[in-house]
Protein chains: 2
Amino acid sequence: MQRIKLADVARAAGVHPGTASRALNPQTREQVSPATVRRVTRAAQRLGYVPNSVARGLRTARSFLIGMVVPDVTNPLFPPMVRGAEKVLTQAGYTLVLTDTDNDAATERRQIELLRARGTDGFIVATARWEDDLLAEIAAAGVPAVLVNRNTASAELPYVGGDERTGVRLAVDHLVALGHRHIAHLGGPADTSTGRERAAAFRQSVLQHGLPATDLVWACAAYTEQAGAEAAGHLLASGREFTAVVAGNDLIAFGVLDTLTRAGRSCPGEVSLIGFNDMPHLDKLAPPLTSVALPLAEMGAQAARILLARVDAPGREPPTQSLLGVELKVRASTAPVT
Amino acid sequence: MQRIKLADVARAAGVHPGTASRALNPQTREQVSPATVRRVTRAAQRLGYVPNSVARGLRTARSFLIGMVVPDVTNPLFPPMVRGAEKVLTQAGYTLVLTDTDNDAATERRQIELLRARGTDGFIVATARWEDDLLAEIAAAGVPAVLVNRNTASAELPYVGGDERTGVRLAVDHLVALGHRHIAHLGGPADTSTGRERAAAFRQSVLQHGLPATDLVWACAAYTEQAGAEAAGHLLASGREFTAVVAGNDLIAFGVLDTLTRAGRSCPGEVSLIGFNDMPHLDKLAPPLTSVALPLAEMGAQAARILLARVDAPGREPPTQSLLGVELKVRASTAPVT
DNA sequence: GTGAAAGCGCTAACAC
DNA sequence: GTGTTAGCGCTTTCAC
């Protein structure tokens, strides 16, 4: 394999390599007579010709490589996004390169530089910080890039995410409908758009219901179980009354649940709990966790589509900001207030 | 950026591009006088030269790209392996390309061909089937490749996996110690080495304990919750007595648990259950699932190391087969027989 | 509509 | 030690 080259196909079809190239490339196929196209296509098929994308890339200054930058594939939030992107990219003849950064700024920079040196055609970035120098540089340099899941303050790059505000509103509405009036939010870190958006939406939703509980809002240090546990500890220590918690994501919810349990507060008996992201298998937990589901795969796919459009037509249109629909998955961790 | 080319550096340093190339390449640096090396290095630094790996790849037929082929990153079994491999590869200057195949033979072939066309230097393959034509071809063609997690019957490629047999033995020993004498195995599909190995090890372990239960073995159609549920249905329908189940993996265990619950058999009250792979958050389930943990990240890392050794020195040594240690995580889904 | 020729940026073989 | 010369396999002017 990878033996047969364009010249071989051309020889077999009895044409010049240049002609064979034109015949095989959809873009230039019209410049060639249908008969020749057929002959070349046949020959290519028969010989099992697979174009050498390295050579092609050298000539066209394109690598057909797209870098996807995530904090950690091990976090179940990201694999669906990766797969969504992968599908679109593969279909378009691109190859996905995956990089984990562990939310470390230096690693992010190093990896992206590395991929840029490789001639990567563009980036799908799921690691955006609210204030992000690296992404600002990337935007300034005109490197094709699309953000998923997390946005930046400046919003100068295209972004695809879930409709966080609606998600939070659904969660709060649900709790209010169950009779809760003292609802806390233990949200994500303030250096992520998701953390900020969800917290802002929480405040707003609570106000809209005429509840006074705006001081029951915490930003956890990270989207981790441990950070959630700590935040819940602070909440308990504060002595404030609460009967429900909207967590920044499912991992935070896990930590919250753990702390509550240790403190002898049952869920959903005494405290109702809602997560975010709807990780797989939440229905099997004790108690099954109510969570806001984001269309992760579609987010990845959409990001890939927008990126490819940018790569193929490197105009400087204003960056699109698209928010995809979310859904509240109601499970047993939320119950009527007693 | 990616503007400055070798010729620019050479011009700035007052040498021929060929010389500049030699000076910059660690492999050939000794052929150049130290003074020249310094001048070239300086110039490169000053201009911010970043080598164009596409051009380099075209000339050297090396891409510094390694393909990792997994069934589905969405399955929590694989992300840790990906990260383990990624770490080693990045450190060695290679870039990881990820491909999901959904266990579909045609997709596997297509993706691998595609990556080969890209000049991928080697493959880490986590999708091996017990009889695998594609991998046989790859081995025959001398394409550098290493298998992780799943092996092939022919064992003609290097392989890194967990010590399945020990894992199963630990599980069975544990159940026997709890007094169980009627233990079933609802294992993985027979076209995977893991399915076969675990089933064989199960039979052997059971025999070693002098238990007669060798007919309580099923191969599920897939490593999925649904397949597990179906297999459990068959087991129940067979009317055979059993007080414990060793599942082929955690997902199968989920399906088994579901079927058992629906059938009114409590776990661990009436049936003890053990999974395989120790997915994250199993301790939060109801009941917390006992499972055999594999060193997934280390498997990925080890596979990457072996692959790189092959890529750098493409000799034809006999393929190493390494088995890494496993651990039984005992949780509440296993209890003494009543 | 097709052939000819000129490279993309780099490295490796061969001179000197 | 360094310059020279050829390409790697492809695309893309430019002729005809």
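So you know, we letter chains A, B, ... as the sequences are listed, proteins then strands, and number each from 1. This is a predicted model, so every value here is computed, not measured.
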List the residues meeting side chain to side chain contact (heavy atoms under 4.5 Å, CB included) with [X], not counting sequence neighbours, and say none if there are none.
X: R59(A); value: none
X: A7(B); value: K5(B), R11(B)
X: P17(B); value: A10(B)

Whole angstrom value for the distance that separates [atom2] of [N] from [atom1] of [X]:
X: Q27(A); N: dT13(D); atom1: CD; atom2: C1'; result: 17 Å
X: R39(A); N: dG1(C); atom1: CZ; atom2: C1'; result: 11 Å
X: R11(B); N: dG3(D); atom1: CZ; atom2: P; result: 14 Å
X: R29(B); N: dT2(D); atom1: CZ; atom2: C1'; result: 17 Å
X: R62(A); N: dT11(D); atom1: CZ; atom2: P; result: 12 Å
X: L58(A); N: dG7(D); atom1: CG; atom2: C1'; result: 12 Å

Pair listing, side-chain hydrogen bond (donor to acceptor under 3.5 Å, both in side chains) test, anchored in residues 142-157 of chain B, at least two apart: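 Output for this query lists N103(B)-R150(B), N151(B)-Q321(B), T152(B)-S154(B), S154(B)-E156(B).
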May I have all residue pairs that pass side-chain hydrogen bond (donor to acceptor under 3.5 Å, both in side chains) and include part of residues 14-29 of chain B, sequence neighbours excluded?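 Pairs touching residues 14-29 of chain B that pass the test: none.
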Identify, with sequence neighbours excluded, every residue that meets side-chain hydrogen bond (donor to acceptor under 3.5 Å, both in side chains) alongside T99(B).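 In terms of side-chain hydrogen bond (donor to acceptor under 3.5 Å, both in side chains), with neighbours along the sequence ignored, T99(B) is linked to no residue.
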Taking side-chain hydrogen bond (donor to acceptor under 3.5 Å, both in side chains) as the test, write out the residues that go with T127(A), two or more places apart.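 For T127(A) there are no side-chain hydrogen bond (donor to acceptor under 3.5 Å, both in side chains) partners, ignoring immediate neighbours.
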Please walk me through it: do D121(B) and R116(B) pass salt bridge (charged side-chain N to carboxylate O under 4.0 Å, His left out)? CA-CA 8 Å; D121(B) 292 333; R116(B) 290 247 280 145; over 6 Å; no
What one-letter contact string describes nucleotides 11-16 of chain C from 5' to 3', where B marks a base within less than 4.0 Å of any protein heavy atom, S marks contact via sugar-phosphate atoms alone, and - marks no contact? BBB---
Using five pairs at either end of the helix from dG1(C)-dC16(D) to dC16(C)-dG1(D), determine the angle between the two local helix axes and round it to 10 degrees.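 Helix axis angle between the two ends: 40°.
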Looking across every strand, which nucleic acid part, if any, lies under 4.0 Å from V54(B) by heavy atom: base, sugar-phosphate, or nothing?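 The residue V54(B) makes no contact with any strand.
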Does any residue of residues 30-37 of chain A have a heavy atom under 4.0 Å from DNA chain C, and if so, which ones, in number order?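 Here the set is Q31(A), V32(A), S33(A), T36(A).
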My understanding is that only residues two or more places apart in sequence, or in another chain, count here; which of them pass ring-ring contact (aromatic ring centres under 6.0 Å, His included) with Y159(B)?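 Once residues adjacent in sequence are excluded, Y159(B) has no partner under the ring-ring contact (aromatic ring centres under 6.0 Å, His included) criterion.
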Side chains of residues 64-86 of chain A: which donor-acceptor pairs under 3.5 Å do they make with residues two or more places apart or in other chains?
{"residue": "D72(A)", "atom": "OD1", "partner": "T74(A)", "partner atom": "N", "Å": "3.0"}
{"residue": "D72(A)", "atom": "OD1", "partner": "R83(B)", "partner atom": "NH1", "Å": "2.9"}
{"residue": "N75(A)", "atom": "OD1", "partner": "L77(A)", "partner atom": "N", "Å": "3.0"}
{"residue": "R83(A)", "atom": "NH1", "partner": "D72(B)", "partner atom": "OD1", "Å": "2.9"}
{"residue": "R83(A)", "atom": "NH1", "partner": "D102(B)", "partner atom": "OD1", "Å": "2.8"}
{"residue": "R83(A)", "atom": "NH2", "partner": "D102(B)", "partner atom": "OD2", "Å": "2.9"}
{"residue": "E86(A)", "atom": "OE2", "partner": "D100(B)", "partner atom": "N", "Å": "2.7"}

Q91(B) atom CD, neighbour heavy-atom count above 12 within 6.0 Å: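 Atom CD in Q91(B) is not crowded, with 12 or fewer foreign heavy atoms closer than 6.0 Å.
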